[in-house]
Amino acid sequence: MRVAFCTLGCKVNHYETQAMSELFRNAGYEVVPFEEQADIYVVNTCTVTQISDKKSRQMLSRAHTQAPDALIVAVGCYAETARETVERLDGVSMVIGTEGRKDIVTLCERALKGQAVAPAYPAPFERREFENLSAVQDSRTRAVLKIQDGCNSFCTYCAIPFARGALRSRPLENCEAELRALAKAGYREVVLTGIQLSAYGIDLAGKPDLCDVIRLAASIPGIDRIRLGSLEPRSIDQRFVDTTKACPSLCRQFHLSLQSGSDSVLKRMNRRYTTDDYRTAVSMLREAFPHVAITTDLIAGFVGETEEEHRETVAFVREIGFARIHVFPYSKRNGTKAASMPGHLPKKVKEERCKELIRVGTACEEAFVDAMLGQRVTVLMEDDGTGYTDNYVRVRCEGAPGEMKEVLLTAREGVLAIGG
C-alpha cells in the first residue's frame, strides 16, 4: 500500500506530517511523493490566510483528480475550522482535523475496509491531552521536537486557537526520552517547536517552563545544537537570558514574533506588548549573544492600518535590523474579532505594503550577512552543498551532510554567504 502527503503551513504542520508518515512506514506502507499514484492521500491543511484555505482545497481536489479511487484524508487547521466545508469537497473520504492524528493508520485501514469511521471531534476548547507524536527529522542532520500545542492568546486576527484548542505541553520526562532517542539516532541539531512555545509547561504539574527544556536538551550528549521556534517578546526576561547564555549549544537565533511595528496596530491585534517591550527584549539578547540573529513575522495591511502606521512598521524594521523576516498580507479569518472590525483595506494596498516590507527585510538580511563576513564560523552541512551557522546564516561551502565544518566567510551572493 502506498501513501502520499502534502503539507501546507507552519513548521508544526511539517512536524506532524513527518510524524504521521513515520506511523505509516512503521505499519509497512510505502511513502511516495504527492505527485505519484497512491492508495491514500493525506493533506495537512492550514488556515492562517485565505490563500492557505484555497491551497488546502486545491490540494485535496488535486489528489482526487489524479487518483479518483484513493482514500483522501484532510487533517490540520483548515480541516478543523471548516470541517463541514471540507467534508463536502469531492473525493474527501475522512476529516481528522487537529485531533486523532496518532490513530490515522487505524482510521484509514478501517475506511479502506468499508467500516464506519468516526474520528473524535472535540469541542474547540475542551480539555485535550498533548498528542504524543514522536520527534521527526527535518533534514538528514536536523530533527524537530514539538513540545507544545494550542494557544490561549486570541489575537484578534488569528483563527489558530479555534483550530488547535487550548495550550497543552509535552511532559518533561517525555521530552527527555524523545531527545535521547534523537541523539542516539545521530541528529546534531534539534529544533524545539510549538504553537505558543513560550507558554510551555503552564498546564503541567510542577509548572516546568521552556528554560527547563532548554537545560535538559543541553545536558544530553550528542546534541550539538538546540534551536528554538517562535517566541513571544514578553518571554525574554533575565531568567531566560541567563539560562540560554549558560547553554553553549543553544543557537544564537531567536524568532521573536512582532506582526507590526506600530503600537496602535499592536493594540488592535491584542498582542499584549509594545514596541518598547520588543526593543528591550532585542537589547537583552544582543547584549548576551554577539552576532545574534533576530528573525520575525509581520502582517502587512492589518484592519484600519493607516499609511502612518505602516511607515512606523517600516521604520521599526530598519531600526531593529532583523536577520530575516517573513511578511504576509492581512487575511480576514471568519470568527475572529478582526473580521468584524471596520476599516478593511483594499487588496492592492495590502500587497504594496507587503512588497515594501519584503524589500526592506531583504536589505536588512543582506546587511546582517555582510556583518558576518571575515568571521570564522561553524556550519552544519545539509545535503545540497549548503549549511547553516548557529545564527542562521546560510553558507555555501564544501562538506559532507552532517559534518560540522569550520569556515571563513569571504563573500555574499544575495543573502547566501560563501565560506572557504
Side-chain angles (χ1 to χ4, degrees), residues 10-11 138-139 142 144 189-193 197-198 214 225-233 235-236 240-241 244-245 247-261 273 275 277-300 313-328 354-382 386-397 407-419:
C10 66
K11 289 183 178 179
D138 181 51
S139 70
R142 181 190 305 110
V144 180
E189 180 177 313
V190 174
V191 183
L192 302 177
T193 190
L197 184 62
S198 298
I214 292 170
R225 284 184 178 178
I226 306 160
R227 200 176 293 277
L228 302 177
S230 181
L231 302 172
E232 293 291 322
S235 69
I236 309 301
F240 178 86
V241 170
T244 52
K245 192 175 180 180
C247 297
S249 54
L250 189 83
C251 291
R252 296 174 298 161
Q253 181 234 336
F254 298 91
H255 190 90
L256 300 185
S257 182
L258 176 60
Q259 308 308 348
S260 175
Y273 56 81
T275 52
D277 295 331
Y278 200 98
R279 287 186 184 93
T280 299
V282 171
S283 178
M284 293 176 72
L285 292 171
R286 285 182 169 156
E287 184 176 347
F289 299 97
H291 297 290
V292 66
I294 307 297
T295 61
T296 199
D297 300 306
L298 290 169
I299 296 174
T313 296
V314 171
F316 192 75
V317 170
R318 289 193 173 110
E319 175 192 338
I320 296 297
F322 291 100
R324 187 173 300 176
I325 65 173
H326 299 288
V327 187
F328 308 91
C354 190
K355 289 177 182 178
E356 181 177 11
L357 286 169
I358 290 172
R359 288 195 299 270
V360 174
T362 299
C364 288
E365 185 173 357
E366 291 173 348
F368 182 77
V369 176
D370 283 340
M372 291 294 296
L373 298 183
Q375 298 284 323
R376 296 203 70 85
V377 298
T378 301
V379 178
L380 177 56
M381 296 300 300
E382 305 282 342
T386 70
Y388 286 90
T389 64
D390 75 308
N391 62 344
Y392 214 44
V393 174
R394 187 163 171 244
V395 181
R396 187 171 69 233
C397 58
V407 299
L408 175 69
L409 299 184
T410 58
R412 173 178 61 81
E413 293 182 0
V415 296
L416 182 72
I418 310 301

S.K.: To the nearest 0.5 Å, what is the distance between CD on Glu189 and CD1 on Ile226?
M.R.: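 It comes to 10.0 Å.
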S.K.: Heavy-atom distance under 4.5 Å between the side chains of Leu231 and His255, does that happen here?
M.R.: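 When only atoms from C-beta onward are counted, His255 and Leu231 do not touch, as no gap falls below 4.5 Å.
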S.K.: Looking only at non-hydrogen atoms, find the nearest pair between Leu285 and Val241 and report the distance.
M.R.: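 Result for this residue pair: CD2-CG2, 4.5 Å.
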S.K.: Flag the pair Leu409 / Val395 as yes when at least one side-chain heavy-atom distance between them is below 4.5 Å, and no otherwise.
M.R.: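 Yes, their side chains come closer than 4.5 Å.
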S.K.: Check whether any side-chain heavy atom of Phe254 sits under 4.5 Å from a side-chain heavy atom of Thr295, and report yes or no.
M.R.: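 Answer no - side chains too far apart.
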S.K.: Report the residues that fulfil ring-ring contact (aromatic ring centres under 6.0 Å, His included) with Phe368, sequence neighbours left out, ordered by chain and then residue number.
M.R.: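 None.
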S.K.: Is it the case that the side chain of Tyr388 and the backbone of Met381 share a donor-acceptor pair, with hydrogens and angles ignored and the cut-off at 3.5 Å?
M.R.: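 Checked: no pair found.
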S.K.: Please find the pair of heavy atoms, one from Pro233 and one from Ala281, that lie closest to each other, and give the distance.
M.R.: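 Nearest pair, atom of Pro233 first, then Ala281: O-CB, 3.7 Å.
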S.K.: Could you walk me through whether Val191 and Arg142 pass the side-chain contact (heavy atoms from CB on, under 4.5 Å) test, one step at a time?
M.R.: CA-CA 7 Å; Val191 183; Arg142 181 190 305 110; 3.6 Å; yes
S.K.: Taking the side chain as everything from C-beta on, heavy atoms only, tell me whether Val360 gets closer than 4.5 Å to Arg318.
M.R.: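 They are in contact (side-chain heavy atoms under 4.5 Å apart), so the answer is yes.
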S.K.: Any side-chain heavy atom of Glu356 within less than 4.5 Å of one from Val314?
M.R.: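 Counting from C-beta outward, Glu356 and Val314 do come under 4.5 Å.
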S.K.: Can you tell me how the ring of Tyr273 sits relative to the ring of Tyr278, calling it parallel under 30°, perpendicular over 60° and tilted otherwise?
M.R.: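 The arrangement is tilted - the two ring planes meet at 30° to 60°.
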S.K.: Between the side chain of Asp390 and the main-chain N/O of Arg252, is any donor-acceptor distance below 3.5 Å?
M.R.: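 Here the side-chain-to-backbone pair exists.
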S.K.: Any chance you could measure Ile214, atom CD1, to Phe240, atom CZ, to the nearest 0.5 Å?
M.R.: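 It is 5.0 Å, given to the nearest 0.5 Å.
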S.K.: So, taking the atom named OG in Ser283 and the one named CD1 in Ile236, what distance separates them when rounded to the nearest 0.5 Å?
M.R.: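 The distance works out to 12.0 Å.
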S.K.: Minimum heavy-atom separation for Glu413 to Ile418, with atom names?
M.R.: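 Scanning both residues completely, I find the closest heavy atoms to be CD-CD1, 3.9 Å.
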S.K.: If I compare all heavy atoms of Val369 with all of Val415, which pair ends up nearest, and what's the gap?
M.R.: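 Minimum heavy-atom contact is CG2-O, 3.7 Å.
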S.K.: Supply the atom-to-atom distance Met372 CE to His291 NE2, rounded to the nearest 0.5 angstrom.
M.R.: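 Met372 atom CE to His291 atom NE2 measures 5.5 Å (nearest 0.5 Å).
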S.K.: Could you check whether any side-chain heavy atom of Arg225 comes within less than 4.5 Å of a side-chain heavy atom of Val190, counting everything from C-beta outward?
M.R.: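 When only atoms from C-beta onward are counted, Val190 and Arg225 do not touch, as no gap falls below 4.5 Å.
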S.K.: Is Val393 close to Val377 at the side-chain level, that is, under 4.5 Å between some pair of heavy atoms?
M.R.: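 Heavy-atom side-chain distance check fails, nothing below 4.5 Å.
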S.K.: Please report the interatomic distance CG(Leu256) to OG(Ser235), rounded to the nearest 0.5 Å.
M.R.: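 Going from CG on Leu256 over to OG on Ser235, the span is 7.0 Å.
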S.K.: I need the Glu287 CD to Lys245 NZ distance, nearest 0.5 Å.
M.R.: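 It is 7.0 Å, given to the nearest 0.5 Å.
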S.K.: Would you mind listing every salt bridge (charged side-chain N to carboxylate O under 4.0 Å, His left out) that reaches into residues 361-374, with sequence neighbours excluded?
M.R.: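 Only Arg324-Glu365, Glu366-Arg412, Asp370-Arg412 qualify under salt bridge (charged side-chain N to carboxylate O under 4.0 Å, His left out).
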S.K.: What are the two closest non-hydrogen atoms of Ala300 and Leu357, and how far apart are they?
M.R.: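 Looking at all heavy atoms of both residues, the closest pair is CB-CD1, 4.0 Å.
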S.K.: If every non-hydrogen atom of Gly374 is compared with every non-hydrogen atom of Leu408, which pair is closest and at what distance?
M.R.: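 For Gly374 versus Leu408, the nearest heavy atoms are O-CD1, 3.4 Å.
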S.K.: Would you check, one step at a time, whether the test side-chain contact (heavy atoms from CB on, under 4.5 Å) holds for Cys364 with Val317?
M.R.: CA-CA 8 Å; Cys364 288; Val317 170; 4.2 Å; yes
S.K.: Can you check whether Tyr392 reaches Ile294 side chain to side chain, under 4.5 Å on heavy atoms?
M.R.: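 Sidechains of Ile294 and Tyr392: no contact.
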S.K.: For side-chain contact (heavy atoms from CB on, under 4.5 Å), just list the numbers for Glu319 and Val282, CA-CA rounded to whole Å, side-chain angles, deciding distance to a tenth of an Å, and then say yes or no.
M.R.: CA-CA 11 Å; Glu319 175 192 338; Val282 171; over 6 Å; no
S.K.: Only one of Ile325, Thr296, Asp297 forms a side-chain contact (heavy atoms from CB on, under 4.5 Å) with Leu258, so which one is it?
M.R.: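 Of Ile325, Thr296, Asp297, side-chain contact (heavy atoms from CB on, under 4.5 Å) with Leu258 is met by Thr296 alone.
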